[in-house]
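Everything below concerns the one structure shown next.
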Amino acid sequence: MELEKERERERAITPRSEDYSQWYVDVVQRAELADYSPVRGCMVIMPYGYAIWENIQKALDKRFKETGHQNAYFPLFIPYSFIQKEAEHVEGFSPQLAVVTHGGGQKLEEPLVVRPTSEAIIGYMYAKWIRSYRDLPVLINQWCNVVRWEMRTRLFLRTTEFLWQEGHTAHATREEAEAETHRMLDVYADFAEREAAVPVIKGRKSEREKFAGAVYSLTIEAMMGNKWALQAATSHFLGQNFAKAFEIQFLDRDNRLKYCWTTSWGLSTRFIGAIVMVHGDDKGLRLPPRLAPIQAVIVPIYKSDEERSQVLEVARATLTKLEGAGVRAHLDDREEYTPGWKFHEWELRGVPVRVEIGPRDVEQEQIVLARRDIGGKEGKRAVPQARLVEAVTQLLDDVQEGLFKQALEFREKHTYEPKDYGEFKEAVERGFALAPWCGSAECEAQIQEETKATNRCIPLEQEPLPENAKCVRCGEPAKERALFARAY
RNA sequence: CGGGGAGUGGCGCAGCCUGGUGAGCGCGCCUGCUUUGGGAGCAGGAGGUCACCGGUUCGAAUCCGGUCUCCCCGACCA
């Protein structure tokens, strides 16, 4: 008995309540999303994890194209001097740079930086390409890898090298560039909520937290399963900072030479970490159907050879029907595992819908559907084979919605509006704290020191504060509420 | 980069303190038979330069020094 419990523990992943970090590592590895590489802080994204990334890419790329952007590719290496052209940018990124000093067996004249982000090289190229207002706006995105030398790394959430997309746009007017910054934030929020079922809070980063070189940064913040915050994507209004640093100028209608207004925006493989942490449970991953590499897995059940051939026939027909309807389906017809084993395996890997087909179902011309977001018998139900496609597609939509609702309710349940600093301190222990803030960087730093919580953002959508509102910490007048939380 | 923990067949661990007898256990893997509606059973079998480098010693998984990687906590960050 004791031994059985031990074995059970070995098979199972660490419960979230016991050790959230270990749970996360267990899920990522056991679900075969990623594995460690021999290089510190670098990971291998395995086929199943990469398939999620490909689905993220598809969903985002479609939105980028719909909003008029084109893809291009800029080089991995950037002359060291380019990074130094924008003062805040250098200061922000220099501690994180990987620098190449040798090539072809010889020391380089000028060291090359492995891009930590591409504002510099893209700024240089835009200066070459842009002549007149007729060339604007320039709306380009690139899918690539970047390298930032991190002190502490975690699978997907913070790795030395990561994959992302970075959009870089140049505009004739401030208004247009700001509109682009907001528009792309909306694109990210729409993607996060509709495709990934991750509810997000749109907001503006504080001065302290903004991108190095931006006038301001916008962000979408999501609550993870341990109630910490994660910045899921950012969109930056760069003003004319990079335009001035790289001489990105255009001749306007009035025949005057002007600096462009630029933006940049990005979403990385970190988002996969967000999906794991927002939806995952003690059984493992729970993938949102719209991004799941496998949306429905078919598990055949049989005893005798006769049953086997009958069941498999129905299972294969089921697979064909689902695929024909555009469902990403998979038939797990491996002989070496029992149905029960397969149930656990596919639950661990987060497949949203399971289709069980056994002798009883063959006889009654039905199939059994089980949904990943609701466990046990409650999430199971039998459906006539004739209604298969309809039922599965409907169920996928239901799971998508169910995951979003669960995540949203969880966030709302753990978001507080503390009345004073005492309540504030308790609130950031238990989740998000939305509180009036004076706007000073000093206050922000103090809060971080005293509570470990950081200023995640100033939410864009918020009720106006009463006239005499005071900062939750220092008591100075406050104009806005800021969202504070522990964060990854 | 500072503090703490870890690295032994694919996975989880024991052995180390007190150096020496064949490097062991569970899971997994391979073969065969029986099984299959929530992690199957029996029998047989394969698999490890004990993270790496160096030192002490007649002899090192075990003692000493260094390096690498991972996990946790902090400072830096998507």
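Quick note: numbers below take in every heavy atom, side chains included, and nothing from hydrogens, waters or symmetry partners.
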Side-chain donor-acceptor contact under 3.5 Å, A:Ser118 with A:Glu166: yes

Spacing of A:Glu345 atom CD relative to B:rA40 atom C1', expressed in whole Å: 16 Å

So, does [X] get its side chain near the phosphate of [N], meaning an N or O under 4.0 Å from OP1 or OP2?
X        : N      : answer
A:Arg30  : B:rG10 : no
A:Lys303 : B:rU35 : no
A:Arg154 : B:rC71 : no
A:Arg40  : B:rC70 : yes
A:Ser21  : B:rC71 : no
A:Thr338 : B:rA40 : yes

Within 6.0 angstrom of A:Phe343 CZ, more than 12 heavy atoms from elsewhere: yes

Sugar-phosphate, base or nothing in reach of A:Glu150, heavy atoms under 4.0 Å: base

Sugar-phosphate, base or nothing in reach of A:Tyr36, heavy atoms under 4.0 Å: sugar-phosphate

Sequence-distant partners of A:Glu356, salt bridge (charged side-chain N to carboxylate O under 4.0 Å, His left out), two or more places apart: A:Arg354, A:Lys380

Row check, A:Trp164 ring normal vs A:Arg115 NZ/CZ: under 6.0 Å, within 45°: no

Mind listing the side-chain donor-acceptor pairs of residues 31-38 of chain A below 3.5 Å, one per line with the distance, residues two or more places apart or on another chain?
residue : atom : partner : partner atom : Å
A:Ser37 : OG   : A:Val39 : N            : 3.2
A:Ser37 : OG   : A:Val39 : O            : 3.2
A:Ser37 : OG   : A:Cys42 : O            : 2.8

Given [options], which nucleotide is nearest the side-chain atoms of [X]?
X        : options                : result
A:Phe343 : B:rC72, B:rC29, B:rG38 : B:rG38
A:Thr153 : B:rC70, B:rG38, B:rG37 : B:rC70
A:Gln22  : B:rC71, B:rC1, B:rG39  : B:rC71

Helical stems, RNA chain B - three or more consecutive Watson-Crick or G-U wobble pairs below 3.5 Å: B:1-7 with B:68-74, B:10-13 with B:24-27, B:29-34 with B:40-45, B:51-55 with B:63-67

